[in-house]
Amino acid sequence: MEQGAIDLSALPSGFDLQSTLESGQSYLWWREDGEDFGDTTQYGGDAWYLTTARVDGEPVVVRVRQRDDRLDWEATVDAESLLTRRLRLGDDLDAIRATAPDDELVEQAYEAYWGMRLVNDPPFGSLISFICSAQMRVSRIHEMQQSLREAFGTPVEFDDSTYHAYPTPEQLAAASETELRDLSLGYRAPYVQRSAELVTEGTPIDVRDLPYEEAREALTEFVGVGEKVADCILLFSLGYDEAVPLDTWIRGTIEEYYPDCDRGNYTETSRAIREALGGEYAGYTQTYLFHFLRNGGGDNLGE
DNA sequence: TGCCAGGCGGATT
DNA sequence: AATCCGCATGGC
């Protein structure tokens with residue numbers, strides 16, 4: 001086992017591991033203490049979080065914990081650069097926040113969860129987990145990814161225990177719809193199987209060479225990926241920080257706080273809210289709003 | 001019980 | 001292009 005510690009005080013901005021991992025952005029991490037990622041975040045403690053990744057094609061397990069200005073990690077390989085990338089430790093939050101609108105809701109959201117970063121998930125896990133996210137609660141989306149790992153993922157020995165890597169496209173393409181339905185994936189089961197198969201057949205997930213709206217359109221090639229899920233993949237995996245997924249929460253936010261941005265259809269509403277949230281990092285700000293509102297924030301901003 | 005959860009695919013108009 | 005409908009599962 002390799003281990004190390006990252007000095008968070010040396011970063012451009014403060015960091016909050018729990019907010020980053022429990023804000024409904026990534027479903028590819030779990031808590032070692034077995035606590036669910038609830039539908040509202042219970043703060044406190046310094047839990048270990050685990051995830052898996054592929055390094056040079058080989059599955060690896062990584063475990064991290066935050067203690068004040070230190071991020072302790074233990075892994076099957078040297079994980080420092082992987083964590084720096086996956087958790088976007090180098091982001092300059094002050095510069096990002098400076099692009100956001102100067103309104104009370106945004107102010108409160110950034111204040112409440114300062115240190116939260118966007119995640120940078122691996123593309124295939126991002127694709128599958130957000131296909132699973134359709135009409136589903138945050139806590140159950142996590143459970144589904146656990147089930148997929150345990151049922152189809154390659155076993156990895158780490159610290160005297162056996163873990164399972166997130167399945168590869170080949171492993172999920174080979175799954176049957178029945179097997180996937182048995183994991184309580186419901187009507188998403190054939191979407192997961194077919195999209196995994198499309199990946200093995202060469203349909204690209206990494207569309208980063210395309211401009212934002214074309215990239216979103218390209219991802220809808222996958223089954224179970226509409227505009228909203230495509231935006232999540234672009235934002236949480238492919239580095240399109242301007243992407244604002246229009247889910248039920250952000251639609252409600254638009255209705256209540258930015259009613260002029262409701263243009264009736266996805267494309268135009270997306271453009272309007274993206275502009276209202278400052279453009280380049282609109283998705284970053286959206287993620288703060290999503291986490292803040294989902295945890296009951298904003299109730300004091302009476303109309 | 002009925003409604004909702006980070007919606008999508010397919011058919012219809 | 002817009003709208004309607006069915007779709008699994010579980011929590012409240």
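Hydrogens, waters and symmetry mates play no part in the numbers below; they use all other heavy atoms, side chains included. Below, chains carry the letters A, B, ... as their sequence lines are ordered, and counting in each starts from 1.
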In whole Å, what is the span from the [atom1] atom of [X] to the [atom2] atom of [N]?
{"X": "A:Met144", "N": "B:dG7", "atom1": "CE", "atom2": "P", "result": "12 Å"}
{"X": "A:Met136", "N": "B:dC3", "atom1": "CE", "atom2": "P", "result": "18 Å"}
{"X": "A:Gln146", "N": "C:dG10", "atom1": "CD", "atom2": "P", "result": "16 Å"}
{"X": "A:Leu185", "N": "C:dG10", "atom1": "CG", "atom2": "C1'", "result": "14 Å"}
{"X": "A:Arg251", "N": "B:dG7", "atom1": "CZ", "atom2": "C1'", "result": "9 Å"}
{"X": "A:Arg194", "N": "B:dG10", "atom1": "CZ", "atom2": "P", "result": "11 Å"}
{"X": "A:Asp36", "N": "C:dG11", "atom1": "CG", "atom2": "P", "result": "10 Å"}
{"X": "A:Asp39", "N": "C:dG10", "atom1": "CG", "atom2": "C1'", "result": "11 Å"}

Is A:Ser184 close enough to C:dG10 that one of its side-chain N or O atoms is under 4.0 Å from OP1 or OP2 there?
yes
Would you say C:dG11 has OP1 or OP2 under 4.0 Å from some side-chain N or O of A:Ser139?
no
Is the shortest side-chain N to carboxylate O distance from A:Asp241 to A:Arg88 below 4.0 Å?
yes
With a 4.0 Å cut-off on N to O distance, would you call A:Arg65 and A:Asp72 a salt bridge?
yes
Going by the salt bridge (charged side-chain N to carboxylate O under 4.0 Å, His left out) test, which pairs reach into residues 48-63 of chain A, not counting sequence neighbours?
A:Glu32-A:Arg63, A:Arg63-A:Glu74, A:Arg63-A:Asp159
Minimum side-chain heavy-atom gap A:Ile250-A:Tyr258 below 4.5 Å:
no
About how many Å separate OG1 of A:Thr269 and CG of A:Leu246, when rounded to the nearest 0.5 Å?
6.5 Å
I'd like to know if the side chain of A:Ser195 reaches the main chain of A:Val223, judged simply by a donor and an acceptor atom lying under 3.5 Å from each other, with no hydrogens or angles considered.
yes
Please tell me whether A:Leu277 and A:Tyr113 are part of a single hydrophobic cluster in this structure, the criterion being side-chain heavy atoms less than 4.5 Å apart.
yes
So for A:Arg188 and B:dC8, does any side-chain atom that can act as donor or acceptor lie under 3.5 Å from a complementary atom in the base?
no
What integer number of Å spans the P atoms of C:dA8 and B:dA11?
16 Å
Can you see whether A:Tyr43 engages A:Ser19 through a side-chain donor-acceptor pair at a distance of less than 3.5 angstrom?
yes
Just call it for A:Glu143: base, sugar-phosphate, or nothing, with non-hydrogen atoms closer than 4.0 Å on any strand.
nothing
Show me the donor-acceptor pairs within less than 3.5 Å that the side chains of residues 147-156 of chain A make with the rest of the protein, sequence neighbours left out.
unit_1, atom_1, unit_2, atom_2, d
A:Ser147, OG, A:Glu143, O, 3.1
A:Arg149, NH2, A:Gln146, OE1, 2.0
A:Thr154, OG1, A:Gln171, NE2, 2.9

I'd like to know whether the aromatic ring centres of A:Phe130 and A:Tyr27 sit less than 6.0 Å apart in this structure.
yes
Which of these passes ring-ring contact (aromatic ring centres under 6.0 Å, His included) with A:Tyr110: A:Tyr288, A:Tyr284, A:Phe292?
A:Tyr288
Under 4.0 Å protein heavy-atom contacts per nucleotide of nucleotides 2-7 of chain C, with B for base, S for backbone only and - for none:
S----B
Pick the closest DNA chain B nucleotide for A:Tyr266 and for A:Arg140 by heavy atoms, then say which residue is nearer the 5' end.
A:Arg140
Of residues 111-130 of chain A, the positions that come close to DNA chain B - non-hydrogen atoms, cut-off under 4.0 Å:
none
By a strict heavy-atom criterion of less than 4.0 Å, which residues belonging to residues 216-230 of chain A are in contact with DNA chain B?
A:Phe222, A:Val223, A:Gly224, A:Val225, A:Gly226, A:Glu227, A:Lys228, A:Val229
Members besides A:Val62 in its Ile/Leu/Val/Met/Phe/Trp/Tyr cluster (side-chain heavy atoms under 4.5 Å)
A:Ile6, A:Leu8, A:Leu11, A:Phe15, A:Leu17, A:Leu21, A:Trp29, A:Phe37, A:Tyr49, A:Val55, A:Val60, A:Val64, A:Leu71, A:Trp73, A:Val77, A:Leu82, A:Leu83, A:Leu87, A:Leu89
